[in-house]
Amino acid sequence: MADFYTGAKEYFPGIKKIKYEGSQSRNPLAFKYYDADKVIGGKKMKDHLRFAIAYWHSFCGDGGDPFGPGTHVFPWGANNPIEAAENKMDGAFEFFTKIGAGYYAFHDRDIAPEGSTPAESEKNLFTLVAKAKKLQAETGVKLLWGTANVFSNPRFMNGAATNPEFGVVALAATQVKAAIDATIELGGEGYTFWGGREGYMSLLNTNLKKEKDNLARFLTMARDYARKQGFKGVFYIEPKPMEPTKHQYDFDTETVIGFLRQYGLDKDFRMNIEANHAELAGHDFVHELETAAAAGFFGSVDANRGDNMNGWDTDQFPMSYYETAMAMYTILKIGGFKEGGLNFDSKIRRNSIDPADLFIAHIGGMDAFAVGLQIAQRIIDDGVIPGFVKDRYASFESGDGAKFSKGELTLEQLAKIGADAGYGKTGLTSGKQEYLENVLNGYLLGL
Ligand code: XLS
Ligand code: NI
Ligand code: NI
């Protein structure tokens, strides 16, 4: 029996299931570091990393950009749009099983074409959901999260939930409701809201307060509907500061946490953090992860990278061991993924047109996170870096410092402690950043 799925036609002929061959392998179609069943820190790599494939980039994006049309020729053309969507889904599951990803993620319009009425769109969606359900059962691949594309169609040019026209908000609801139903039907572990056009281009035509209130109301309705239908999974907000709008309301993790708390959504929603979006917000990827983790809002990851020479969402595949190590260190510190995973919201370049390129790109990303995971585990096992951080805050563990931490001191008492101690050399302690960077570089080189 083949160890991968194919429908009536094999869409990636000549490519077999991708295997782990080790770091000495020169085979571009083999993993060098990702060894799915290898146990790291008591857990298999595949259970730590929970890789997901993004349907939109891998099977819908054709390489088109503002300066020219698509360059990627997809082999699933057919006589009508539904048949094409079915073929594409066969191709997608062939890819998931050949690359060995346990999860995928999709927008409603990625898997099924829009119809001429909301009812027809929903019917199309559920035709493909039925096929996805069958293929999930057959292959064991699971849905990490579902979502609705309420940003591409021209009707959403002024926003979806934040649109100034009530009629558009209602049409967005037709899609979100159906996408929630689809997610539940497929056993999706999460449901994501990325506010593509939920923001503004100019305050001259925008009532910012009303739009944020409407967004919160819409999210509340979606949450209530999903829970009523029995959805037990997590809702994610995926922050992004800009693009396509000038300013998006879900700017970054800290902003979104404030918004969720303001509107009482903090129990059900967690963060889906995308590396490239963090960069656009002027943050490191790991800053966003650590901020979410510290506040108890960490959920899932859209794995990719930007280009530090330009300022848009290039959605390149993650390659930096330094970044993946820092990310996995934060994730391991909070006990790993609970419900989320590493979703490759990444796309191959416009001129990467060989069918193998999609595999090679994912292999690189999966290997990069496999390396990052092992380095992160090394940081923890070796103990030098966590030990340094622990010692740095040791003065809060006993005596007056511990009283301060427990909230047992008033400002007057605290000031008296300071006054009694005097200036002396208090505070003149090295942060040792370069030393710690050198330790980390040692791990990166396997030392
Ligand atoms: C776009 C977003 C998008 C979300 C899903 O920048 O990353 O792909 O992940 O709607
Ligand atoms: Ni994303
Ligand atoms: Ni993005």
Side-chain angles (χ1 to χ4, degrees), residues 50-62 64-66 103-112 143-153 156 159-162 172 175-176 178-180 182-183 188-199 215 218-219 222 234-253 256 269-283 285 288-289 292 298-307 310-318 323 327 340-349 361-362 365:
R50 295 166 58 90
F51 290 125
I53 307 299
Y55 215 95
W56 52 102
H57 281 315
S58 291
F59 313 108
C60 307
D62 61 2
D65 71 13
Y103 293 89
Y104 71 113
F106 67 81
H107 302 82
D108 52 355
R109 298 299 187 251
D110 301 339
I111 65 166
L143 179 62
L144 188 68
W145 48 259
T147 188
N149 179 335
V150 286
F151 45 86
S152 293
N153 190 289
F156 298 118
T162 63
Q175 279 188 244
V176 170
I180 288 173
T183 302
E189 298 179 19
Y191 185 88
T192 295
F193 291 91
W194 168 61
R197 293 187 197 273
E198 312 295 29
L215 176 59
F218 191 95
L219 295 175
V234 192
F235 297 93
Y236 299 114
I237 301 270
E238 182 179 324
K240 186 176 184 180
M242 66 194 95
E243 195 204 353
T245 65
K246 169 188 146 62
H247 178 97
Q248 274 162 224
Y249 297 128
D250 301 332
F251 191 93
D252 64 359
T253 295
V256 171
F269 285 78
R270 294 289 170 265
M271 308 304 303
N272 180 38
I273 292 169
E274 178 164 325
N276 205 163
H277 298 180
E279 291 166 22
L280 295 182
H283 301 309
F285 175 33
E288 287 287 89
L289 298 173
F298 176 72
S300 199
V301 169
D302 269 10
N304 60 16
R305 78 175 204 275
D307 182 311
N310 61 29
W312 66 90
D313 202 12
T314 60
D315 288 339
Q316 287 165 255
F317 278 82
E323 273 196 8
L342 292 166
N343 171 48
F344 285 109
D345 195 353
S346 308
K347 61 183 177 207
I348 49 176
R349 299 301 88 189
H362 282 88

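Order of appearance sets the numbers: ligands from 1, and atoms from 1 within every ligand.
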**Q** Could you walk me through whether Phe269 and Tyr236 pass the ring-ring contact (aromatic ring centres under 6.0 Å, His included) check?
**A** CA-CA 5 Å; Phe269 285 78; Tyr236 299 114; 9.2 Å; no

**Q** Taking the basic N atoms (NZ, or NE/NH1/NH2) and the acidic carboxylate oxygens, is any pair closer than 4.0 Å for Lys240 and Asp313?
**A**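 A salt bridge links Lys240 with Asp313.
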
**Q** Restricting to N, O or S atoms of Asp313, which is nearest to the Ni ion (ligand 3)?
**A**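 Closest to the Ni ion (ligand 3) among those atoms: OD2.
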
**Q** Strictly under 2.8 Å, how many protein N, O or S atoms lie near the Ni ion (ligand 2)? Waters don't count.
**A**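 Those protein atoms number 4 in total.
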
**Q** Run Trp194 and Asn272 through side chain to side chain contact (heavy atoms under 4.5 Å, CB included) and show every step you take.
**A** CA-CA 9 Å; Trp194 168 61; Asn272 180 38; over 6 Å; no

**Q** Could you tell me whether His107 and Tyr55 have their ring centroids closer than 6.0 angstrom?
**A**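 Ring centres of Tyr55 and His107 not closer than 6.0 Å.
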
**Q** Taking atom types as modelled and ignoring hydrogens, do the side chains of Glu238 and Thr192 form a donor-acceptor contact shorter than 3.5 angstrom?
**A**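 Glu238 vs Thr192: no donor-acceptor pair found between side chains.
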
**Q** Going by heavy atoms in the side chains, are Ser300 and Asn343 under 4.5 Å from each other?
**A**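 No - every pair of side-chain heavy atoms lies 4.5 Å or more apart.
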
**Q** Enumerate the pairs of nitrogen or oxygen atoms, one from ligand 1 and one from the protein, separated by less than 3.5 angstrom; state names and distance to 0.1 Å.
**A**
from     : atom 1 : to     : atom 2 : distance (Å)
ligand 1 : 6 (O)  : Lys240 : NZ     : 2.9
ligand 1 : 6 (O)  : His277 : NE2    : 3.1
ligand 1 : 6 (O)  : Asp313 : OD2    : 2.9
ligand 1 : 7 (O)  : Glu238 : OE2    : 2.7
ligand 1 : 7 (O)  : Glu274 : OE1    : 2.7
ligand 1 : 7 (O)  : His277 : NE2    : 3.3
ligand 1 : 7 (O)  : Asp345 : OD2    : 2.7
ligand 1 : 8 (O)  : Trp56  : NE1    : 3.1
ligand 1 : 8 (O)  : Asp345 : OD2    : 3.0
ligand 1 : 9 (O)  : Glu238 : OE1    : 2.7
ligand 1 : 9 (O)  : Glu238 : OE2    : 2.9
ligand 1 : 9 (O)  : Asp302 : OD2    : 2.8
ligand 1 : 9 (O)  : Asp345 : OD2    : 2.8
ligand 1 : 10 (O) : His107 : NE2    : 2.7

**Q** Examine distances only and state if a side-chain atom of Glu198 and a backbone atom of Ala160 form a donor-acceptor pair shorter than 3.5 Å.
**A**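 Side chain of Glu198 to backbone of Ala160: a pair is present.
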
**Q** Below 4.0 angstrom, N of the basic side chain to O of the carboxylate: do Arg305 and Glu274 qualify?
**A**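 So Arg305 does not pair with Glu274 through a salt bridge.
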
**Q** Quick check, are the ring centers of Phe51 and Phe344 under 6.0 angstrom apart?
**A**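 Centroid separation for Phe51 and Phe344: below 6.0 Å.
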
**Q** Within the structure provided, determine whether Phe106 and Phe59 are in side-chain contact (heavy-atom separation under 4.5 Å).
**A**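 In short, these two side chains do not touch, never coming nearer than 4.5 Å.
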
